[in-house]
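In what follows, a single structure is set out as structure tokens and then discussed.
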Amino acid sequence: MVGRDPTGWKPTAFRTHTLAEISTNGADLVGEAVIIAGHAEAVRGRGGVCFLMLRDGTGYLQAFLKKDGMDEETFLAVQSLSRESTVQITGEVAQKRPPKVPEGSPAPPPEYEVVASSAQIMSAAQTPLPLGVTDKVHVELDTRLDNRHLDLRRNHINAMFQLRSKVLAYGREHLLKEGFQEMNSPKIIASASEGGTNLFPMTYFETPAFLSQSPQLYKQLAILGGLERVFEIGPAFRAEEHDTYRHLNEFISFDIEMAWADDEDVMGVQERMIHHIWSSVAEKDGNLIDIINEWREVQEPPLNPISVDIPSIPFPRVSYDKAIEIIQSKGGEITWGDDISASDADLIAEEHAGFHFIPRWPMEMKPFYIYHDETEKGTTGEQLSRGFDLNYGRDEMTSGGQREHRVDVLELNLIDMGLDPTDFTFYTDGFRFGAPPHAGWGLGVARLLMVLTGAGNVREVVLFPRDRSRVTP
RNA sequence: GCCCCGAUGGUGUAGUGGCCUAUCAUGCAGCCCUGUCGAGGCUGCGACCCGGGUUCAAAUCCCGGUCGGGGCGCCA
């Protein structure tokens, strides 16, 4: 199984049927003339017969070629075809001869194949392959990424990217249902973004410019403009020299922003969305999870199977105050006001293994656009913010919060954080004509997929990752 | 940016100064088999990251470089 359901796929210039259609509906198709196409995953048989195991995006099917059933030159060419070459087969659907089974074993269910009357080699694959699509030998991530076009032909990798598409679709589906509309913000920005991170400089005609680190300020402007509830799924760029399993310099951020809402309201949106994604995957995409598990099972040593455990909502809220308490009680060295490091997050994960929110961070640790209520103080009397994180185990999935809608406070925050308000007039001006209280969050799509697919590195679930040392392919 | 580790056929590995014209698997090439299906059997091909050094002798030790891995930091 390759995992795609071909229901609704129309015949194309190159095939009348997908392979899955024939393998699953073979009984109805026996005797029918068909044209199929795919990659040659294995070519077996010598002498006068040839078994060609074909793979397309939907599944597998064997084509059976006989020397005396077709043009001999073509037959010989197919028989000596290299793995992964693409072939088109014209022939007739037939039931396969049943395989030999040990004495006393039940006969397997009938299987189908296409008996070829002609064949056309579309594109022969060079040998050897830089990485084996079906080989059992382990392949290192770096080799895989250098040859992503072949890596992607491996079933479990293909399944991960099918899952990615599903996750985004279910996420969209849920937000649309809650009244959100999709938007896109510019990725080329003039300067003075939200600060706190390094940006990639570029030249925009005669003007210096940067790649956007976040849609944050723009989705807020959309809310101030009355779009009420928006989301964006798009790239963000950070010029940080980090080198970890969970950071990339270009990543896809899943962002929402919502008017007339506080931090708790958007945490609700998030947990309902994640719950919908997990439920939908569990209900509809078990086949993709199975493909990943089939691969995990045959690894040496075998990897534990992954399962889609639908998280119950609401997710636990572990306030920053409480988090510090937990870390300290477990012997972690942290004081109020410190960031929660990866090893500290491990300690929290001992009590909250799955999804959990960490709300109410110290205001001084949060960006200038985060809202604070002057009456809310932490255990040491310091100002708390309405910023929150969503973690899964040790890993941060999301950062979000209620936003500061009071323009005078916003400008003070900018000054407090060492930024110049005059650089932000494109943004602060949006708040001068009546600003609704609002809140939102940004979710790392790849990090969420790591959780779902069991990948140990974000690079696994990003098609063409960009990190500090990789800009190709 | 810091600490630690590594680099051997296309891919993934064994190897701790002479036993290495280098192990195994997979792959590739060829041969045998007219229903294979984890195909099988036989034969063959193919590698010590780069530059310097130590030594009678280096895949192996030392130095530098490049690339990679793990951990951390940095990071809405």
Side-chain angles (χ1 to χ4, degrees), chain A residues 41-53 60-69 75 79-80 82-84 94-101 108 111 113 115 125-147 150-151 193-199 212-217 219-220 236-249 251 253 255 298-300 339 341-346 361 365-370 385 387-390 396-401 403 417 440-444 456-457 459 467-470:
Chain A
E41 191 160 290
V43 186
R44 294 188 199 93
R46 290 293 165 211
V49 294
C50 174
F51 306 98
L52 183 65
M53 182 52 80
Y60 295 96
L61 195 74
Q62 175 170 287
F64 179 59
L65 291 78
K66 273 182 126 160
K67 193 191 259 178
D68 54 14
F75 174 84
Q79 197 174 50
S80 61
S82 52
R83 299 193 301 168
E84 294 303 314
Q95 188 172 147
K96 272 170 87 169
R97 290 201 192 172
K100 287 170 244 155
V101 292
E111 290 188 79
E113 66 184 2
V115 178
Q126 274 183 32
T127 59
L129 299 168
L131 68 86
V133 171
T134 56
D135 297 356
K136 282 178 219 82
V137 293
H138 176 257
V139 190
E140 293 205 335
L141 185 57
D142 208 47
T143 306
R144 291 174 41 204
L145 293 178
D146 283 341
N147 299 281
L150 280 175
D151 185 45
S193 186
E194 53 189 275
T197 192
N198 295 316
L199 305 187
S212 169
Q213 68 174 109
S214 159
Q216 181 58 37
L217 305 185
K219 60 182 185 170
Q220 285 190 260
F237 305 89
R238 309 263 167 102
E240 297 292 337
E241 296 186 336
H242 36 45
D243 203 5
T244 76
Y245 68 91
R246 61 187 184 279
H247 288 94
L248 290 174
N249 297 290
F251 63 95
S253 178
D255 273 81
V298 299
Q299 292 317 106
E300 198 55 56
D339 200 357
S341 70
S343 59
D344 294 333
D346 285 331
W361 287 68
M365 298 178 64
K366 285 289 164 187
F368 66 86
Y369 52 80
I370 292 290
S385 75
F388 66 87
D389 284 356
L390 173 71
E396 182 182 330
M397 302 279 121
T398 293
S399 185
R403 316 308 189 185
M417 296 182 191
W441 41 254
L443 166 70
N457 192 311
R459 290 162 181 78
D467 62 30
R468 191 175 165 189
S469 56
R470 180 178 285 281

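Note that the structure is a prediction, hence the values are computed from the model and not measured. We name chains A, B, ... by the order of the sequence lines, and we start the count at 1 in each one.
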Nearest-Å distance for atom pair [atom1]/[atom2], residues [X] and [N]:
| X | N | atom1 | atom2 | value |
| --- | --- | --- | --- | --- |
| A:D146 | B:C67 | CG | C1' | 11 Å |
| A:R238 | B:A76 | CZ | P | 7 Å |
| A:L145 | B:G68 | CG | C1' | 12 Å |
| A:Q62 | B:C37 | CD | P | 10 Å |
| A:Q126 | B:G27 | CD | C1' | 15 Å |
| A:D339 | B:A76 | CG | C1' | 11 Å |
| A:E396 | B:G73 | CD | P | 12 Å |
| A:Q213 | B:C74 | CD | P | 17 Å |

[X] [atom1] to [Y] [atom2] distance, which is reported to the nearest 0.5 Å:
| X | Y | atom1 | atom2 | result |
| --- | --- | --- | --- | --- |
| A:S212 | A:F237 | OG | CZ | 8.0 Å |
| A:C50 | A:K67 | SG | NZ | 11.5 Å |
| A:D339 | A:W361 | CG | CH2 | 5.0 Å |
| A:L248 | A:H242 | CG | NE2 | 8.0 Å |
| A:R246 | A:F251 | CZ | CZ | 13.0 Å |
| A:T127 | A:R83 | OG1 | CZ | 10.0 Å |

Across the strands shown, which category fits [X] at heavy-atom distances under 4.0 angstrom: base, sugar-phosphate, nothing?
| X | answer |
| --- | --- |
| A:T398 | nothing |
| A:A342 | sugar-phosphate |
| A:D389 | nothing |
| A:E113 | base |
| A:S253 | base |
| A:K67 | nothing |

Please evaluate residues A:K366 and A:D389 with respect to the criterion salt bridge (charged side-chain N to carboxylate O under 4.0 Å, His left out), reporting the C-alpha separation (whole Å), side-chain torsions for both, the decisive distance (0.1 Å), and the verdict. CA-CA 11 Å; A:K366 285 289 164 187; A:D389 284 356; 3.5 Å; yes
Where the side chain of [X] is concerned, which of [options] is the nearest nucleotide?
| X | options | value |
| --- | --- | --- |
| A:E241 | B:G73, B:G1, B:G27 | B:G1 |
| A:E240 | B:C74, B:G35, B:A76 | B:C74 |
| A:K136 | B:C75, B:G38, B:A76 | B:G38 |

Using the [atom1] atom as the point on both nucleotides, what is the distance between [M] and [N], in whole Å?
| N | M | atom1 | answer |
| --- | --- | --- | --- |
| B:U16 | B:A59 | C1' | 11 Å |
| B:U26 | B:U13 | P | 16 Å |
| B:C28 | B:U60 | P | 32 Å |
| B:A47 | B:C42 | P | 24 Å |
| B:C56 | B:C61 | C1' | 16 Å |
| B:C32 | B:G70 | C1' | 49 Å |
| B:A14 | B:U8 | P | 10 Å |
| B:G69 | B:G30 | P | 36 Å |

Side-chain N,O (A:R97) to OP1/OP2 (B:C37) below 4.0 Å: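 Negative; the distance criterion is not met.
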Phosphate oxygens OP1/OP2 of B:G1: is one of them under 4.0 Å from a side-chain N or O of A:R468?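 The answer is yes; a side-chain N or O of A:R468 sits under 4.0 Å from OP1 or OP2.
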Contact pattern, 5' to 3', of nucleotides 2-12 of chain B - B, S or - by protein heavy atom under 4.0 Å: --------SBS
In this structure, which stretches of RNA chain B are paired as stems of three or more consecutive Watson-Crick or G-U pairs, both distances less than 3.5 Å?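 So far as stems of 3 or more pairs are concerned, RNA chain B shows B:1-7 with B:66-72, B:10-12 with B:24-26, B:27-32 with B:40-45, B:49-53 with B:61-65.
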Answer yes or no: is there an ion pair linking A:R470 with A:D146, defined by an N-O contact shorter than 4.0 Å?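 Salt bridge present between A:R470 and A:D146.
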Let me know, please, whether A:D142 or A:T127 comes out on the 5' side of the other along RNA chain B by nearest nucleotide.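 The residue whose closest nucleotide sits nearer the 5' end is A:T127.
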Start at the 5' end of RNA chain B and walk down; is the nucleotide closest to A:R44 or to A:G48 reached first?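 Upstream on the strand: A:G48.
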Among all residues two or more places apart in sequence or in another chain, which pass the side-chain hydrogen bond (donor to acceptor under 3.5 Å, both in side chains) test with A:Q62?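 With neighbours one apart ignored, the set is A:E113.
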Would a distance-only check, ignoring hydrogens and angles, find a side-chain to backbone donor-acceptor pair under 3.5 Å from A:E111 to A:P98?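 It does not hold such a pair.
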Using only modelled atom types and a 3.5 angstrom limit, is any donor from either the side chain of A:H247 or the base of B:C75 paired with an acceptor on the other?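 In this structure, the two groups form a donor-acceptor pair.
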For the residue pair A:S343 and A:D346, confirm or rule out a side-chain donor-acceptor distance under 3.5 Å.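 Side chains of A:S343 and A:D346: no pair found under 3.5 Å.
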Within-4.5 Å side-chain heavy-atom neighbours: A:L131 and A:R144: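 They are in side-chain contact.
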